[in-house]
> 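Pasting in a structure now, in structure tokens, and then I'll have a few things to ask.
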Number of protein chains: 2
Amino acid sequence: MPAKKNNTPVEPTIKDIPKLYNILTDEEKEYLLDNHTTIHYKKNDIIYQEGEKPTGLLCLGEGKVKIFKEGVSRRDQIIRMATAPDFIGYRALFAEEMHIASSEVIEPSTIFHVPKKVIYNLMKTNPALSMAFIKSFASELGFARYRTVTLTQKHIRGRLAESLCVLKDIYGFEEDQQTLAVYLSREDLANFSNMTTSNAIRTLSSFVNEKVLAVNGRVIKILDSDTLHRISRLG
Amino acid sequence: MPAKKNNTPVEPTIKDIPKLYNILTDEEKEYLLDNHTTIHYKKNDIIYQEGEKPTGLLCLGEGKVKIFKEGVSRRDQIIRMATAPDFIGYRALFAEEMHIASSEVIEPSTIFHVPKKVIYNLMKTNPALSMAFIKSFASELGFARYRTVTLTQKHIRGRLAESLCVLKDIYGFEEDQQTLAVYLSREDLANFSNMTTSNAIRTLSSFVNEKVLAVNGRVIKILDSDTLHRISRLG
DNA sequence: AAATTTGTATGTTATATAACATAGTTTTAT
DNA sequence: ATAAAACTATGTTATATAACATACAAATTT
């Protein structure tokens with residue numbers, strides 16, 4: 001196993017997905033441990049693609065992935081940024097539909113694949129597990145609706161500011177408590193904020209001029225969090 | 001009980017919510033029948049408002065309601081149009097959050113209120129019920145994401161055309177197989193399509209000129225469904 | 001190391017749509 | 001019945017943002 005540059009000490013296991021593992025009985029835990037596979041992905045790998053059929057529950061044990069939908073005229077829209085220990089691709093699984101979005105790795109990731117049959121069996125015996133998925137769905141749906149309104153109604157500055165706040169909530173800061181702990185291209189930032197890449201670059205630059213951010217390549221420091229939130233709030 | 005002008009013959013009961021009632025055991029059915037209330041609403045009534053705390057599961061037994069979020073600058077956005085026998089307000093219930101949207105009656109409606117405790121008890125004993133909610137959530141989340149992309153990326157004509165197609169899917173046609181079986185103000189149509197009222201009126205007029213629609217007040221006839229779908233698809 | 005590709009930066013122009021204005025029409029309230 | 005309010009219609013103007021263009025920088029490939 002290669003040495004890690006970050007401070008994650010050990011290889012993650014499916015035990016690191018608490019909202020799945022922790023609510024199981026000992027017997028169920030054993031069943032899960034015996035019936036899942038671990039897959040490692042490197043940056044830019046595609047985990048699944050729009051139109052494919054889900055085969056099981058995917059749990060992000062480590063890493064960062066983006067989930068995006070192909071837009072009307074080839075302009076992608078990032079609908080979700082996931083982090084460990086999130087479930088991914090489970091909407092299509094439970095809806096019994098094809099994936100309506102694709103999933104691409106942003107940072108080297110470890111994924112646990114629990115076959116559909118296995119997860120359904122667990123849900124039959126454990127009501128708390130179903131409840132956990134219901135909770136996940138309810139909160140994702142809330143977020144999706146909130147975003148629909150803001151992405152359609154806020155102006156560019158508000159949208160980008162909001163996206164940065166959301167990224168901060170999801171990934172947090174590095175040790176300096178300023179640097180966003182996710183490193184996206186301007187294009188990804190644009191696709192997450194519903195704007196063109198040019199406008200993401202431009203707006204980022206004006207935030208730097210206004211001393212709200214400091215930007216160096218993909219490294220974004222939030223210097224004035226209050227102002228950033230205010231810009232986001234006012235639209 | 002007043003005579004009905006439409007062909008719904010009888011007062012609905014909670015037995016008319018199949019995805020809830022039909023999956024229960026006899027014992028559970030009795031428990032549900034004994035532990036819910038029926039509320040009648042008239043047009044323009046508010047069922048619940050953004051910020052309120054849900055107290056139970058609401059099932060729309062009859063009628064039509066709109067669910068909308070207050071936008072950034074007082075511009076409402078209709079995020080869902082519901083019809084019997086839909087669940088409403090259940091996202092906030094299961095997320096254990098305040099409502100993030102408001103619900104207003106479009107057509108006289110009958111709603112069954114199942115106290116939170118009761119629905120949770122039923123879910124504990126009946127895994128199929130949880131599964132039904134998971135399915136509901138998964139399909140709503142899919143729709144929400146699809147709409148986020150189209151409302152942000154399609155042009156006005158495409159957005160309005162899509163909204164009309166969606167309304168057709170939800171409410172269907174009247175007996176003539178042409179007239180949309182829901183009668184919305186231009187403002188509601190606009191708020192459902194992410195545009196100003198003026199632009200909804202204007203675009204509706206151009207669809208009439210193009211013989212795609214026939215419009216008389218709030219009565220909308222879809223004359224050329226293929227073209228309408230094409231306009232929606234091309235954005 | 002050179003060449004190619006990909007990403008970033010910034011200026012200019014075009015355009016879709018909001019904002020505003022006015023008026024006619026229908027519905028609701030007094 | 002009349003007044004008031006809400007809704008619909010259409011024309012004009014303003015503006016936010018996309019589209020396009022060019023250049024430079026960084027990363028990747030040969």
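Sequence lines set the chain letters: A, B, ... in the order given, protein chains first and strands last, and positions in each chain run from 1.
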> Give the rounded distance in Å between these two atoms: CE of B/Met195 and P of C/dA18.
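Taking CE of B/Met195 and P of C/dA18, I get 7 Å after rounding.
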> Is the closest basic N to carboxylate O distance between B/Glu162 and B/Arg147 below 4.0 Å?
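Between B/Arg147 and B/Glu162 there is a salt bridge, with a charged N closer than 4.0 Å to a carboxylate O.
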> Sort and list the pairs that fulfil salt bridge (charged side-chain N to carboxylate O under 4.0 Å, His left out) and have at least one residue in residues 213-228 of chain B, not counting sequence neighbours.
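Matches after skipping sequence neighbours: B/Asp176-B/Lys221.
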> So if I take the C1' atoms of five pairs at each end of the helix from C/dA1-D/dT30 to C/dT30-D/dA1 and get each local axis, what angle do the two axes make, rounded to 10 degrees?
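It works out to 50° between the end axes.
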> Do A/Ile111 and A/Ile88 come close enough that some side-chain heavy atom pair is under 4.5 Å?
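Contact flag for A/Ile111/A/Ile88 side chains = yes.
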> Give each protein N/O atom lying under 3.5 Å from an N/O atom of nucleotides 27-30 of chain C, with the pair distance.
none

> Where along residues 198-219 of chain A does a heavy atom fall under 4.0 Å from DNA chain D?
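Going residue by residue through residues 198-219 of chain A, the ones with a heavy atom under 4.0 Å of DNA chain D turn out to be A/Ser198, A/Asn199, A/Arg202.
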> Enumerate the side-chain hydrogen bond (donor to acceptor under 3.5 Å, both in side chains) contacts for residues 88-97 of chain A, please, sequence neighbours excluded, ordered by first and then second residue.
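Non-adjacent pairs meeting side-chain hydrogen bond (donor to acceptor under 3.5 Å, both in side chains): A/Tyr90-A/Glu140, A/Arg91-A/Glu97, A/Glu96-A/Lys116, A/Glu96-A/Tyr120.
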> Taking only the side-chain nitrogens and oxygens of B/Thr196, find out if one of them lies under 4.0 Å from OP1 or OP2 of C/dT17.
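Looking at the OP1 and OP2 atoms of C/dT17, neither is under 4.0 Å from any side-chain N or O of B/Thr196.
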> Can you list everything that forms a salt bridge (Lys or Arg N to Asp or Glu O under 4.0 Å) with A/Arg202? Sequence neighbours excluded, please.
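Applying salt bridge (Lys or Arg N to Asp or Glu O under 4.0 Å) to A/Arg202 gives none.
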> Would you indicate which nucleotide in C/dA16, D/dT8, D/dT17 comes nearest to any side-chain atom of A/His155?
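Nearest to the side-chain atoms of A/His155, counting from C-beta on, is D/dT17.
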> How is A/Arg157 classified with respect to the nucleic acid when contacts are heavy atoms under 4.0 Å: base, sugar-phosphate, or nothing?
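Here A/Arg157 touches no strand at all.
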